[in-house]
> 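Questions regarding the structure given below will be posed in turn.
Keep in mind the model is a prediction, meaning the values are calculated, not measured.
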Amino acid sequence: WASASIARRPAVAAARSGALSPAGIRLACRAMLDAFAKAIAQLPDPALKRVVLRSMAGAAGIFALLCGGAWLAVLRLNVTDIPLLNAAVDVLGALAVLALAIILYPAAVSALIGLFLEDVARAVERKHYPQAPSPRAQGVAEAALGGLRFALVAVAVNLLALPLYLALIFVPPLNLFVFYGVNGYLVGREYFELAASRRLPPEGVRELRRANRVRVFLAGGLTAFLLTVPIVNLAAPIIGTAAMVHILERLRRTRAGSTP
């Protein structure tokens, strides 16, 4: 096993350097867009309809909780004894609540992914990869715990980055690059690792992600963007999960030499 691992290292290094070349980035972009196109096209699939509806309900609930929690925090503020100033603070607070909910939503909604991962992955594999072998048995509790753990970490990272977001609020588009860069990395890593853990051992998951970090990051960035688009963000967790299953299958087959 050790000698096989050592023998793979040059190939992994070559894959990494190739992924960072202009041609590698173009290939990653094409593969990513193809994966998302297939994911969106499958949303009306009867096998996904119920999952999509449950996901949308859960996502709407999480957004409402974020808004409610932030609003309760604002209501506790009583800056002055001047009613007019307090009214102005309330208006600004309402805008801040909405902004904070949008910022934290991509991270918080990831807690749902573990609940729907298996249903989404099986629907995608049944339609597009019927010859794929059976995945590793993974309980809902295991996947849900993984999603919840990631969501807590991602929310904490975004709260730590909040001062930076605020400092850059008047420096577009740098503020957007920072926000989507942070969440693209977090979301891409989590969605990919959850999907890949059905097929690969932990070390294989990490190796494949690192060797294709550009592709995973781009997919995470696009998913994070969809998670901030009103209405679309309710279905975005399912779209991102399905797209990542497509990306994983392409990478696995490429590594096995069965597809270009």
> Can you check whether I103 reaches L159 side chain to side chain, under 4.5 Å on heavy atoms?
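Side-chain contact under 4.5 Å: no.
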
> Roughly how far, to the nearest 0.5 Å, is CZ of F225 from CG of N183?
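Between N183 CG and F225 CZ, I get 13.5 Å after rounding to 0.5 Å.
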
> Between C67 and A101, which heavy-atom pair has the shortest distance, and what is it?
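So the two residues come closest at SG-CB, 3.6 Å.
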
> Determine yes or no for a side-chain-to-main-chain donor-acceptor pair under 3.5 angstrom, with R213 supplying the side chain and R210 the backbone.
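Yes; at least one donor-acceptor contact below 3.5 Å.
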
> For a 4.5 angstrom cut-off between non-hydrogen side-chain atoms, does L222 reach L218?
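No - every pair of side-chain heavy atoms lies 4.5 Å or more apart.
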
> Hydrophobic clustering (ILVMFWY, side-chain heavy atoms < 4.5 Å, transitive) - are V155 and L160 grouped together?
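They do not share one cluster, since no chain of ILVMFWY contacts under 4.5 Å joins L160 to V155.
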
> Report yes if some heavy atom in the side chain of R122 is under 4.5 Å from a heavy atom in the side chain of P135; otherwise report no.
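Counting from C-beta outward, R122 and P135 do come under 4.5 Å.
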
> Are R215 and C29 close enough that some pair of their side-chain heavy atoms sits under 4.5 Å apart?
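The answer is no, as the side chains (C-beta and beyond) never meet within the 4.5 Å cut-off.
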
> Where do Y165 and N158 come nearest, in terms of heavy atoms and distance?
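In terms of heavy atoms, the two residues are closest at OH-OD1, 2.9 Å.
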
> Check for me, please, whether L186 and L176 land in the same ILVMFWY cluster - side-chain distances under 4.5 Å, paths through other members count.
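In one cluster with L186: L176, yes.
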
> Are E249 and E125 packed together at the side-chain level, in the sense that at least one heavy-atom pair is separated by less than 4.5 angstrom?
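Touching, per the 4.5 Å side-chain cut-off.
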
> What do the steps show when you test L226 against N233 for side-chain contact (heavy atoms from CB on, under 4.5 Å), and what is the final call?
CA-CA 6 Å; L226 294 177; N233 59 3; over 6 Å; no

> So, for H246 and F36, is the gap between ring centers shorter than 6.0 Å?
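No; F36 has its ring centre 6.0 Å or more from that of H246.
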
> Hey, quick one: are Y185 and I247 part of the same hydrophobic cluster, counting side-chain heavy atoms closer than 4.5 Å, chains of contacts allowed?
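Yes, one cluster joins them.
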
> Evaluate the criterion side-chain contact (heavy atoms from CB on, under 4.5 Å) for residue pair L227 and Y105; output intermediate values, then yes/no.
CA-CA 7 Å; L227 286 166; Y105 178 78; 3.9 Å; yes

> Do the side chains of F116 and T241 get nearer than 4.5 Å, heavy atoms only?
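When only atoms from C-beta onward are counted, F116 and T241 do not touch, as no gap falls below 4.5 Å.
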
> Using modelled atom types and a 3.5 Å cut-off, is there a donor and acceptor pairing between side-chain atoms of Y191 and backbone atoms of A242?
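Such a contact is absent between Y191 side chain and A242 backbone.
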
> Please name the pair of heavy atoms, one in G181 and one in F217, separated by the smallest distance, quoted to 0.1 Å.
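Looking at all heavy atoms of both residues, the closest pair is O-CE1, 3.4 Å.
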
> Test of understanding: clusters of I, L, V, M, F, W, Y form through side-chain heavy atoms closer than 4.5 Å, transitively. Do L65 and L234 belong to the same one?
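No, separate clusters.
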
> Just wondering, do I239 and T223 contact through their side chains at under 4.5 Å, heavy atoms?
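Not in contact.
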
> Which residues end up grouped with F170 if you chain together Ile, Leu, Val, Met, Phe, Trp and Tyr wherever their side-chain heavy atoms are less than 4.5 Å apart?
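I169, listed by chain and number.
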
> Does any non-hydrogen side-chain atom of F177 lie less than 4.5 Å from one of L168?
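They are not in side-chain contact.
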
> Let me have the donor-acceptor pairs involving side chains of residues 44-56, under 3.5 Å, with sequence neighbours excluded, atom names and distances please.
| unit_1 | atom_1 | unit_2 | atom_2 | d |
| --- | --- | --- | --- | --- |
| D45 | OD1 | A47 | N | 2.9 |
| D45 | OD2 | Q42 | NE2 | 3.2 |
| R54 | NH2 | D119 | OD2 | 3.3 |

> Closest approach of A39 and A243, non-hydrogen atoms and distance?
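Minimum heavy-atom separation between A39 and A243: CB-N, 3.7 Å.
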
> Step through the shown structure and confirm whether more than 12 heavy atoms of other residues, nucleotides or ligands are within 6.0 Å of CD1 on I231.
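Counting neighbours around CD1 of I231, 12 or fewer heavy atoms of other residues, nucleotides or ligands fall under 6.0 Å, so no.
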
> Drop me the distance from R253's CZ to L248's CG, to the nearest 0.5 angstrom.
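Result: 10.5 Å between the selected atoms.
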
> To the nearest 0.5 angstrom, please state how far the CZ atom of R250 sits from the CG atom of D34.
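Rounded to the nearest 0.5 Å, the CZ-CG separation comes out at 6.5 Å.
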
> If I compare all heavy atoms of P106 with all of F179, which pair ends up nearest, and what's the gap?
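In this case the closest contact between P106 and F179 is CG-CZ, 4.2 Å.
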
> Testing the basics here: between A195 and V245, what is the closest heavy-atom pair and its distance to 0.1 Å?
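A195 and V245 have their closest heavy atoms at CB-CG2, 4.4 Å.
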
> Out of curiosity, does L148 fall in the hydrophobic cluster containing V109 (side-chain heavy atoms, cut-off under 4.5 Å, transitive links)?
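They do not share one cluster, since no chain of ILVMFWY contacts under 4.5 Å joins V109 to L148.
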
> Take E118 and R198 through the test salt bridge (Lys or Arg N to Asp or Glu O under 4.0 Å) and record every step on the way to the result.
CA-CA 9 Å; E118 193 61 30; R198 301 173 63 252; 3.0 Å; yes

> Working to the nearest 0.5 Å, report the span between CZ of F192 and CE of M244.
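Reported to 0.5 Å precision, the distance equals 7.5 Å.
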
